A.B. asks: 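Okay, here's the structure, questions in a sec.
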Amino acid sequence: MKIAVTYENGQIFQHFGHTEQFKIYTIDHGKVVSYEVVDTNGSGHGALAGFLMEQNVYALICGGIGGGAQIALAQAGIKLYGGVSGSCDEAVSALLANKLSFNPEVRCDHHGHEHGEEGHNCDSHGCGSHNCGNHDCGN
């Protein structure tokens with residue numbers, strides 16, 4: 001099994017769609033047996049899910065991530081652990097120990113874009129505290 005983490009200088013990079021590197025861990029019998037840092041080669045939001053799928057990634061640990069990227073990951077069958085910060089290595093260890101603190105409803109915590117509902121803007125209610133899907137935002 002492989003787990004990918006958005007990566008920058010040993011820490012979890014906080015914007016999935018702009019990550020330039022992933023640290024990909026190979027897991028066997030619940031332990032990390034190897035890891036590598038891979039360059040995304042400038043892939044953007046949509047292409048990153050495909051990139052991870054090509055790497056045979058089972059799960060992704062990241063900071064902020066938008067709804068479109070979440071949908072692409074779900075369609076690729078990649079389990080998402082979003083809203084995480086800190087050390088990549090510590091996050092993977094916590095996940096393997098079933099102790100990772102993550103936000104299952106993480107949403108566009110930095111975007112100021114509309115989601116399709118007139119007057120509904122992520123910044124107006126601080127997405128991340130709830131699921132935009134509850135408002136029929138188009139995500």
Side-chain angles (χ1 to χ4, degrees):
M1 170 174 77
K2 290 185 178 181
I3 299 172
V5 184
T6 54
Y7 180 82
E8 184 177 57
N9 299 319
Q11 300 294 303
I12 298 168
F13 186 67
Q14 292 300 301
H15 186 171
F16 172 79
H18 290 280
T19 193
E20 294 181 10
Q21 294 181 315
F22 288 104
K23 189 167 185 179
I24 300 179
Y25 299 79
T26 300
I27 311 301
D28 190 23
H29 292 91
K31 297 195 183 314
V32 175
V33 294
S34 66
Y35 60 83
E36 65 178 325
V37 176
V38 296
D39 190 16
T40 64
N41 298 316
S43 298
H45 293 84
L48 288 173
F51 176 85
L52 293 173
M53 196 169 71
E54 289 170 8
Q55 300 289 321
N56 297 312
V57 167
Y58 164 78
L60 169 70
I61 299 172
C62 67
I65 183 167
Q70 289 184 28
I71 291 167
L73 289 169
Q75 290 174 339
I78 298 171
K79 190 160 177 62
L80 174 64
Y81 298 91
V84 182
S85 61
S87 162
C88 294
D89 294 346
E90 290 175 13
V92 170
S93 293
L95 178 62
L96 294 175
N98 291 318
K99 295 180 179 179
L100 181 66
S101 177
F102 68 99
N103 180 354
E105 298 180 1
V106 67
R107 286 284 191 244
C108 39
D109 58 355
H110 64 281
H111 294 283
H113 62 273
E114 297 288 325
H115 280 293
E117 182 179 299
E118 189 173 326
H120 179 78
N121 179 299
C122 275
D123 290 339
S124 68
H125 62 268
C127 278
S129 61
H130 71 279
N131 185 334
C132 281
N134 293 339
H135 294 289
D136 297 321
C137 303
N139 277 342

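Bear in mind that the values here come from a model prediction, so they are computed numbers and not experimental data.
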A.B. asks: Please list all pairs meeting salt bridge (charged side-chain N to carboxylate O under 4.0 Å, His left out) that have one or both residues in residues 54-67, counting only residues at least two apart or in different chains.
C.D. replies: none
A.B. asks: Same cluster for L52 and V38 if Ile/Leu/Val/Met/Phe/Trp/Tyr side chains link at under 4.5 Å?
C.D. replies: yes
A.B. asks: Tell me, do V57 and F22 make a side-chain contact under 4.5 Å, heavy atoms counted?
C.D. replies: no
A.B. asks: In chain order, what residues pass the side chain to side chain contact (heavy atoms under 4.5 Å, CB included) check against A74, with sequence neighbours excluded?
C.D. replies: none
A.B. asks: Work out which heavy atom in M1 is nearest to a heavy atom in Y58; give both atom names and the distance.
C.D. replies: SD-CD2, 3.2 Å
A.B. asks: Would a 4.5 Å heavy-atom cut-off, applied to side chains only, mark H18 and F13 as touching?
C.D. replies: yes
A.B. asks: Is the backbone N or O of V106 less than 3.5 Å from a side-chain atom of Q70, with the two atoms forming a donor-acceptor pair by type?
C.D. replies: yes
A.B. asks: Distance check, rounded to the nearest 0.5 Å: Q55 atom CD versus E36 atom CD?
C.D. replies: 6.5 Å
A.B. asks: Under 4.5 Å side-chain heavy-atom separation, chaining through any Ile, Leu, Val, Met, Phe, Trp or Tyr, what else clusters with V37? Say none if it is isolated.
C.D. replies: Y7
A.B. asks: Report, one line per pair, each donor and acceptor closer than 3.5 Å where one atom sits in a side chain of residues 79-89; sequence neighbours left out.
C.D. replies:
unit_1 : atom_1 : unit_2 : atom_2 : d
S87    : OG     : D89    : N      : 3.3
S87    : OG     : E90    : N      : 3.2
D89    : OD1    : K23    : NZ     : 2.9
D89    : OD1    : Y25    : OH     : 2.5

A.B. asks: So do I3 and L96 actually touch side chain to side chain, heavy atoms under 4.5 Å?
C.D. replies: yes
A.B. asks: Kindly work out whether a path of hydrophobic side-chain contacts (I/L/V/M/F/W/Y, heavy atoms less than 4.5 Å apart) joins I65 to F51.
C.D. replies: yes
A.B. asks: From Q11 CD over to T6 OG1, what is the distance, rounded to the nearest 0.5 angstrom?
C.D. replies: 10.5 Å
A.B. asks: Which residue pairs pass the salt bridge (charged side-chain N to carboxylate O under 4.0 Å, His left out) test with at least one member in residues 61-72, sequence neighbours excluded?
C.D. replies: none
A.B. asks: Among the clusters formed by ILVMFWY side chains lying less than 4.5 Å apart, do I78 and Y35 turn up in the same one?
C.D. replies: no
A.B. asks: With salt bridge (charged side-chain N to carboxylate O under 4.0 Å, His left out) as the rule and sequence neighbours excluded, what pairs involving residues 1-19 come up?
C.D. replies: none
A.B. asks: How close do A49 and A76 get, counting heavy atoms only, and between which atoms?
C.D. replies: O-CB, 4.4 Å
A.B. asks: So F102 and I61, side chain to side chain contact (heavy atoms under 4.5 Å, CB included) or not? Walk me through it.
C.D. replies: CA-CA 9 Å; F102 68 99; I61 299 172; over 6 Å; no
A.B. asks: Go through the steps for I27 and V32 under the test side chain to side chain contact (heavy atoms under 4.5 Å, CB included), then give the verdict.
C.D. replies: CA-CA 5 Å; I27 311 301; V32 175; 3.7 Å; yes
